[in-house]
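Side chains are part of it too, since the values below use all heavy atoms of this structure and drop only hydrogens, waters and symmetry mates. In each ligand, atom 1 is the first atom listed, and ligand 1 is the first ligand listed.
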Amino acid sequence: MSDIKQQYLKAMGVEVWKQKAPAASTVTAKTAPTVAAKTAPITEAIVAPVAAAVMTNNLVSEISPTAALSWEELEQRARACKLCALHATRTNVVFGVGNRQTEVMLVGEAPGANEDLQGEPFVGRAGMLLNAMLLSIGIERRDVYIANVLKCRPPNNRDPLPSETGACTPYLQQQIALIKPKVLIAVGRVAGQFLLKCDESMGRLRGKISQYRQGDLHIPLFVIYHPAYLLRSPSEKSKAYEDMLRIREFLQKSNSQLMKPVA
Ligand code: SF4
């Protein structure tokens, strides 16, 4: 094992991780959906669906998979957004960060205290661990895009309310529509359940390729452990590394430009 790879693993708190051959049931030819998500009606703009979601308290509103707004317009609206009560307690809107032309997009649940203060998703110790997880398969943070389901922090890091996710979802959907990533990575159980519109346990969500559906967009999706959980449960890090290797294998098979050989 090279020095640089050992450094990545050390940063993740893993002494020795050996690459295992992926189980046949996990990676090979598994682009078919494992979790069926319903395709919902499509509307054209972002404002109307947001309002509809708030009025009907839908968990997930749907907007057009075609890019109705530019990045600049979308970010401007999010930064001024007062569609749910979280605007009153936020320090910053955490819109998202990274490469907007990437093939890999990560989605977390919601900003925490550090993210709220800095205005960037996945910072602090959890962010450093996420960076190390990406580096362990040769991907740098700056080469992916990272966003959350909610753009504003729920007080005391409580779970998002349905009314909040309903109001905020169009921003994430529009980000996904603009990027059209080759693969989505849901970071943590809550993000995975939200994107797949299910209530499966983490044990059933991880370790396989699922399918995210948004209008005409069908995007392979992996669910990985949240780094904050791994900091609390370091014994799960070996499984987390196996998940990262599955993602690497998928990207290699997809001829991803993002994959760089791990030295
Ligand atoms: S969480 Fe989303 S919907 Fe609520 S105020 Fe923030 S940006 Fe708007």
Checklist entry - For the hydrophobic clusters of this structure (ILVMFWY residues joined by side-chain heavy atoms under 4.5 Å, transitively), does one cluster hold both Tyr171 and Leu217? => result yes
Next on the checklist: Give me the atom names and distance for the closest heavy-atom approach of Arg153 to Leu86.
Outcome noted: O-CD2, 3.8 Å
Item to check | Which of the ligand 1 atoms, numbered from 1, are nearer than 4.0 Å to a heavy atom of Arg90 | outcome: 5 (S), 6 (Fe)
Checklist outcome for this item: Taken in chain and number order and not counting sequence neighbours, the residues that satisfy side chain to side chain contact (heavy atoms under 4.5 Å, CB included) with Asn148 are Val94, Pro111, Pro121, Phe122
Next on the checklist: Suppose we screen for side chain to side chain contact (heavy atoms under 4.5 Å, CB included). Which residues come up paired with Ala191, at least two apart in sequence or across chains?
Outcome noted: Ala186
Item to check | The single option from Leu195, Ile176, Ile219, Leu172 passing side chain to side chain contact (heavy atoms under 4.5 Å, CB included) against Gln214 | outcome: Ile176
Item to check | Distance below 2.8 Å from atom 4 (Fe) of ligand 1: protein N/O/S atoms | outcome: Cys84 SG
Checklist outcome for this item: For Glu73, the side chain to side chain contact (heavy atoms under 4.5 Å, CB included) test, sequence neighbours excluded, returns Leu69, Ser70
